[in-house]
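Read through the structure below, which is laid out as structure tokens, and then see the notes.
We're numbering straight along the sequence, starting at 1.
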Amino acid sequence: MYSPSIEQIKELRQATLAPMMKCKEALVASAGDFEKAVAWLNEKGAIKAAAKSERSVGAGLINAYIHNGGQVGVLLDLRCETDFVARNQEFKDLAHEICLQIAAASPRWVSSETVPEDEIKEKKQAWLKEAEALGKPKEVAEKIVQGKLDSFYKETCLLNQPHFKNEEETINDLIVKTVAKLGENIKVGKFVRFEI
């Protein structure tokens, strides 16, 4: 069985902020491969976050952000399970990052589930007509519509958007990582973005 060095464990902890024992487990599971160890930790974090996703979020904070000399403003309602986590600096940092994302990317909805059904239906019909006008077969047209719908969600839904600081992860991924670290369910309640 592979046994990682203290230096390897510290390096992984520094990169991921995961607990030392979890870093050791990840390195053992990946036979010392740093990238695989990071992926292992992310996967475990996603599993942990999924297990907590049904828990009630009765605490949280309202975060405000003003940008561009007072030209753009964001108010965010970010929820968690306890006041203890709501006062945690890591939770506050997450709220700030999400506010920056809202200011930068201007999402319209929290998630794809919160997009009005009428809007989705209208968009799908328009995209289907476009595809049919190009003479695409029905199966191909449906795939085109699904691709456009995925892009629409990525552009307009906060949780589906790529994080403006790291295009490799979505805002939902950022929240899942924080859930894994803090051990509580976290949800975006709602947000408002103002722009002059």
Side-chain angles (χ1 to χ4, degrees), residues 1-61 63 65 76-102 104-105 107 110-114 146-147 149-151 153-155 157-189 191:
M1 188 171 83
Y2 180 79
S3 181
S5 69
I6 294 295
E7 288 74 30
Q8 287 175 305
I9 295 169
K10 283 181 179 176
E11 184 183 354
L12 185 58
R13 175 165 168 66
Q14 204 168 19
T16 63
L17 300 176
M20 292 288 271
M21 287 308 293
K22 284 288 175 199
C23 290
K24 183 177 180 180
E25 281 180 51
L27 286 163
V28 168
S30 64
D33 185 310
F34 189 83
E35 297 303 317
K36 285 182 182 174
V38 170
W40 186 91
L41 286 168
N42 285 336
E43 185 181 313
K44 294 295 178 194
I47 291 167
K48 189 175 181 182
K52 296 181 184 309
S53 68
E54 296 305 313
R55 289 166 54 179
S56 175
V57 285
L61 61 82
N63 199 48
Y65 174 71
L76 169 70
D77 168 9
L78 188 64
R79 298 299 178 111
C80 60
E81 295 174 41
T82 63
D83 286 339
F84 176 75
V85 166
R87 291 189 303 268
N88 182 292
Q89 189 59 48
E90 198 148 350
F91 184 78
K92 291 176 183 178
D93 291 345
L94 174 66
H96 182 69
E97 279 299 307
I98 294 172
C99 281
L100 291 175
Q101 177 74 24
I102 294 165
V110 172
S111 67
S112 55
E113 291 82 25
T114 58
Q146 188 57 51
L149 187 61
D150 291 343
S151 294
Y153 288 149
K154 205 181 243 191
E155 187 179 309
C157 300
L158 175 65
L159 298 182
N160 299 66
Q161 288 183 332
H163 186 203
F164 77 101
K165 287 184 178 177
N166 176 7
E167 296 281 315
E168 298 296 310
E169 71 178 0
T170 64
I171 295 303
N172 190 58
D173 295 337
L174 192 63
I175 292 171
V176 165
K177 277 187 191 175
T178 309
V179 168
K181 286 178 198 167
L182 299 179
E184 283 196 9
N185 190 15
I186 296 172
K187 289 192 187 293
V188 174
F191 64 85

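- Of the inter-residue distances, the one linking Thr82 atom OG1 with Phe91 atom CZ reads 9.0 Å to the nearest 0.5 angstrom.
- Atom CG of Asp150 is separated from atom SG of Cys157 by 10.5 Å, given to the nearest 0.5 angstrom.
- Using a 4.5 Å heavy-atom cutoff, the side chains of His163 and Asp173 are not in contact.
- Without hydrogens or angle criteria, Glu81 side chain to Glu184 main chain gives no donor-acceptor distance under 3.5 Å.
- No hydrogens or angles considered: nothing links the side chains of Thr178 and Glu90 as a donor-acceptor pair under 3.5 Å.
- Annotation: the span from Glu113 atom CD to Asn160 atom CG amounts to 7.5 Å, rounded to 0.5 Å.
- The two atoms that bring Gln101 and Pro107 nearest to each other are O-CD, 4.4 Å, heavy atoms only.
- The shortest non-hydrogen separation linking Tyr2 to Leu27 is CD2-O, 3.6 Å.
- Looking only at side-chain heavy atoms (C-beta outward), Asp77 and Val188 stay at 4.5 Å or farther from each other.
- Counted within 6.0 Å of CD on Glu169, heavy atoms from surrounding residues, nucleotides or ligands total more than 12; the atom is thus considered enclosed.
- Atom CG of residue Leu94 and atom NE2 of residue His96 lie 11.0 Å apart, to the nearest 0.5 angstrom.
- Within the 4.5 Å cutoff, the side chain of Val110 has heavy atoms near those of the Leu159 side chain.
- Put simply, CG on Asp93 and CG on Asn88 are 8.5 Å apart, with the number rounded to the nearest 0.5 Å.
- The shortest heavy-atom contact between Gly32 and Gln8 is O-NE2, 4.2 Å.
- The heavy-atom pair separating Cys99 from Leu76 by the smallest distance is SG-CB, 3.6 Å.
- Within a 6.0 Å sphere centred on CZ of Phe84, other residues, nucleotides and ligands contribute 12 heavy atoms or fewer.
- Lys187 and Leu78 get closest at one heavy-atom pair: O-CD1, 3.5 Å.
- Taking all atoms of both residues into account, the shortest heavy-atom contact from Ala26 to Ala37 is CB-O, 3.6 Å.
- Interatomic distance, Ile98 CD1 to Gln161 CD, rounded to the nearest 0.5 Å: 11.0 Å.
- Remark: Glu167 CD is packed, more than 12 non-hydrogen atoms of other residues, nucleotides or ligands lying under 6.0 Å away.
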